[in-house]
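Encoded as structure tokens, the structure appears first; notes follow it.
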Amino acid sequence: MFRRFIGGVAAAAMLLSAGAASAQDFSAQRLSDGIRHISSDAFQGRYPATEGERMTLDWLQAQYEEMGLQPGGPNGQWLQHIEMKRYTPVEGAARAAWTGPDGVVHALTPGTDIVLRSATNDGRSDVRDAELVFAGYGITAPERNWDDYGGVDVRGKVVIVLAGEPEGDLFNGQYNTYYSSVARKADEAFERGAVGLLVLVMGADPEAAWRGASRGAASPRLSAPGAADLEFSGSINHSLGGAWAAAAGLDPSALSDASSGRFRAVPVTGVRLSVQTNERITTVVTHNLLAKIEGTTEPDEVLVFSAHWDHVGTASNHPGHRGEDTIYNGAWDNASGTIGVVEMARQFAAAPRPRRTVVFAHMAAEEMGLMGAYAYTADPVYPLETTVADINIDMLPLSGSTRDLPIFGKGQNDLEDRLQAILEPLGRYVSDDGQPEQGFYYRSDHFPYARMGVPALMPWHGVDWVEGGKEAGWAAWRAKFAADYHKPSDEWSEELDFTSAVENLTVLYRLGQDLANSDDWPQWKPTSEFGAIRARSDSARQ
């Protein structure tokens, strides 16, 4: 049987009081030197599949070899080969038409009435006379007693859903759950046997909303490994949705009822849709790099520290670039997290070998949509069922000491409680990220782990400064983010302050030591949408 999570919290507190994890020695100078090196102009913005990638991975491998770590990738290698598929619509290839109960065929204009993509599998779709089902928000959330499908059979059909999720505390209030994402709606529809998913675009200004939804519809798109393999996905405008509802004799009030919790999916009776699409596929090859310290007694149980090594390249990767500085160095994003993981490994290497295996994973193509992490979790080197947790480091804080240590996804799992137990004796506390509008929980490499049920923790930047409080902290954060995020100005400087970075790495090390030397397992909280996924593999951890 599992230990209750409180055992891990108590262990963390004992670890602190005993001083067993106090031997770490994170160095601001080593952080600075490493960041300065891999964010220099020579690395050309660390864009995947370039010389900058080769230089970065060679440098990382050399660091780990010097520390005496083992290769952690497939078949005893350092690198995990990643093939990313880029889909580009063939001009003029998309076609769509619908037929009503009267048998009249209505041609649709892609980009005007409907947006279509077949960015999965072979890039082609040919769906003829598929039935339609309106499934509200397209959400099934057992832990919230919510089921939009209500047992309606959608096999071979096209599912129409609303964007987002119902407002209110049931769905996390200001912070969106994963259920709000089109990716999760597509997964749900695919798991139920649907052939396509269409998002009905609505809003106070439907025309403006449609312009936003259809913008960039023909742009190249990378497909995340493990994504739902629907024949097609896309969007329809408010007018087309209304025409289908009228043809089927549906009461428009069914839409307004979708947020009530009483709604169940309804067939769009008598309306059928035909769709043909074709997209060109090109393959981009990149690599994750993994190093490991093998556990002494439980080597098959694995703790992961992760960070993405890539950034966004040079002006050649940004058609709208302006200015003389053509290199997006990415010192903060994410040379800082990359070096943070290297330095975490250095501390673990200097300590007694832990009971469990610890993997230091440098993920590729995060800036392209978390592609390296999605690829890893779709084809993991170490079984996800016995992966203890992922602690992801993306953009170390660059400030003086803070009282708070914010995390993405507060309330999701008990890693935050374990962290809180370590912080409390230091007069510090765990908080949320304070920016619900950003959707940060779904924007870094911890998320593909969480999506597959692995408890994940993503620490962020404190804003409750010891000197100056929240007013000073928020002002500095906003200024830094506005000035440097994904801009050529994100460069190393001798003025960078690594005080908070060292403090946060130190407590993350202590958390990692606790997890790596215990035999209990972090748990998702009852309201988390990821708990049921983890529960499917409970037997593997008994």
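Predicted model, so just to flag it, every value in this text is computed and none were measured. All values below come from the heavy atoms of this structure, side chains included, with hydrogens, waters and symmetry mates left out. Positions are given from 1 along the sequence.
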Give the intermediate values and the outcome of side-chain contact (heavy atoms from CB on, under 4.5 Å) for residues H311 and F43. CA-CA 10 Å; H311 194 52; F43 283 73; over 6 Å; no
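- D464 and T402 share no donor-acceptor pair across their side chains, judged by distance under 3.5 Å alone.
- Partner of R443 under the side chain to side chain contact (heavy atoms under 4.5 Å, CB included) criterion, chosen from E366, Q438, M458: Q438.
- Residues meeting the side chain to side chain contact (heavy atoms under 4.5 Å, CB included) test with R155, sequence neighbours left out: D153.
- For T50 (side chain) and G52 (main-chain N/O), a donor-acceptor pair under 3.5 Å exists by modelled atom type.
- Between the N237 side chain and the S239 main chain, a donor and an acceptor come within less than 3.5 Å of each other.
- A258 approaches L162 most closely through the heavy-atom pair CB-CD1, 3.8 Å.
- Residues V454 and R534 have side chains in contact (heavy-atom distance under 4.5 Å, counting atoms from C-beta outward).
- Checking S528 against Q412 by side-chain atom types alone, a donor-acceptor pair falls below 3.5 Å.
- Between H461 and F481, a ring centre-to-centre spacing not shorter than 6.0 Å is recorded.
- At distances below 3.5 Å, at least one donor-acceptor pair connects side-chain atoms of K487 with backbone N or O atoms of A482.
- Once rounded to the nearest 0.5 Å, the distance linking CD1 of I393 with NE2 of H446 reads 13.0 Å.
- At least one donor-acceptor pair closer than 3.5 Å links the side chain of K185 to the backbone N or O of G164.
- Below 30°, between 30° and 60°, or above 60°: for W460 and W477 the angle between ring planes is above 60°, a perpendicular geometry.
- In this structure the side chain of F305 never reaches within 4.5 angstrom of the side chain of V359, judged on heavy atoms.
- Considering only heavy atoms from C-beta on, I82 comes within 4.5 Å of M84 through its side chain.
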Could you go through D484 and S489, starting from their C-alpha distance and side-chain angles, then the distance that decides it, and tell me whether this counts as side chain to side chain donor-acceptor pair (under 3.5 Å)? CA-CA 5 Å; D484 295 336; S489 56; 2.7 Å; yes
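- For the residue pair S444 and N392, a side-chain donor N or O sits within less than 3.5 Å of a side-chain acceptor on the partner.
- Q44 has its side chain within reach of I327: a pair of non-hydrogen atoms, C-beta onward, lies under 4.5 Å apart.
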Side chain to side chain donor-acceptor pair (under 3.5 Å) between T277 and S118, worked out: CA-CA 6 Å; T277 60; S118 53; 2.9 Å; yes
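- A side chain to side chain donor-acceptor pair (under 3.5 Å) check over residues 86-108, counting only residues at least two apart or in different chains, returns nothing.
- For M452, the side chain to side chain contact (heavy atoms under 4.5 Å, CB included) partners at least two apart in sequence or on another chain are T377, L384.
- Checked by atom type, the side-chain pair S306/D445 shows no donor-acceptor distance below 3.5 Å.
- Looking at V463 and D404, their side chains come closer than 4.5 Å, going by heavy atoms from C-beta outward.
- Donor-acceptor pairing under 3.5 Å is lacking for the side chains of H287 and Q80.
- Taking the six-membered ring for Trp, Y178 and F447 have ring centres closer than 6.0 Å.
- Residue pairs that meet the salt bridge (charged side-chain N to carboxylate O under 4.0 Å, His left out) test with at least one member in residues 451-460, sequence neighbours left out, are D187-R451.
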Run the numbers on N176 and Y441 for side-chain contact (heavy atoms from CB on, under 4.5 Å), then give the verdict. CA-CA 9 Å; N176 285 343; Y441 190 68; over 6 Å; no
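- Remark: side-chain polar atoms of R144 are paired, donor with acceptor, to backbone N or O of T527 under 3.5 angstrom.
- Take E385 and apply the side chain to side chain contact (heavy atoms under 4.5 Å, CB included) test, not counting sequence neighbours, and it matches P383, S537, A540, R541.
- The salt bridge (charged side-chain N to carboxylate O under 4.0 Å, His left out) contacts involving residues 192-215 comprise D147-R192, E188-R192, where partners must be two or more places apart or lie in separate chains.
- A distance of 7.5 Å separates CE in M368 from CG in N317, rounded to the nearest 0.5 Å.
- Ion pairing of D148 with R264 is absent here, as no side-chain N (NZ or NE/NH1/NH2) approaches a carboxylate O to less than 4.0 Å.
- The pair R272-E131 meets the salt-bridge criterion, since a charged nitrogen lies less than 4.0 angstrom from a carboxylate oxygen.
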Between L508 and L457, does the side-chain contact (heavy atoms from CB on, under 4.5 Å) criterion hold? Intermediate values first, please. CA-CA 10 Å; L508 293 175; L457 184 74; 4.2 Å; yes
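- Under the rule for a side chain to side chain contact (heavy atoms under 4.5 Å, CB included), the partners of S214 that lie at least two apart in sequence or sit in another chain are V115, W210.
- Under the 4.0 Å criterion applied to side-chain N and carboxylate O atoms, E191 and R184 are assigned as salt-bridge partners.
- The side chain to side chain donor-acceptor pair (under 3.5 Å) pairs that include a residue from residues 324-340 are D41-N329, H308-D333, H321-Y328, D333-H486, where partners are two or more places apart or lie in different chains.
- For the pair D129/L273, no side-chain contact is recorded, criterion being any heavy-atom separation below 4.5 Å from C-beta on.
- Counting only residues at least two apart or in different chains, ring pair (Phe, Tyr, Trp, His ring centres under 6.0 Å) contacts with residues 135-177 comprise W146-F171.
- Listed by first and then second residue, the ring pair (Phe, Tyr, Trp, His ring centres under 6.0 Å) pairs that reach into residues 179-207 come to none, sequence neighbours excluded.
- Although no hydrogens or angles enter the test, the distance criterion places no donor-acceptor pair under 3.5 Å between the side chain of N504 and the main chain of L396.
- Evaluation of the salt bridge (charged side-chain N to carboxylate O under 4.0 Å, His left out) test over residues 275-288, restricted to residues two or more places apart or in two chains, returns R117-E279.
- V133 has its side chain out of reach of V158: every pair of non-hydrogen atoms, C-beta onward, lies at least 4.5 Å apart.
- Sorted by first then second residue, the salt bridge (charged side-chain N to carboxylate O under 4.0 Å, His left out) pairs that include residues 158-177, not counting sequence neighbours, number zero.
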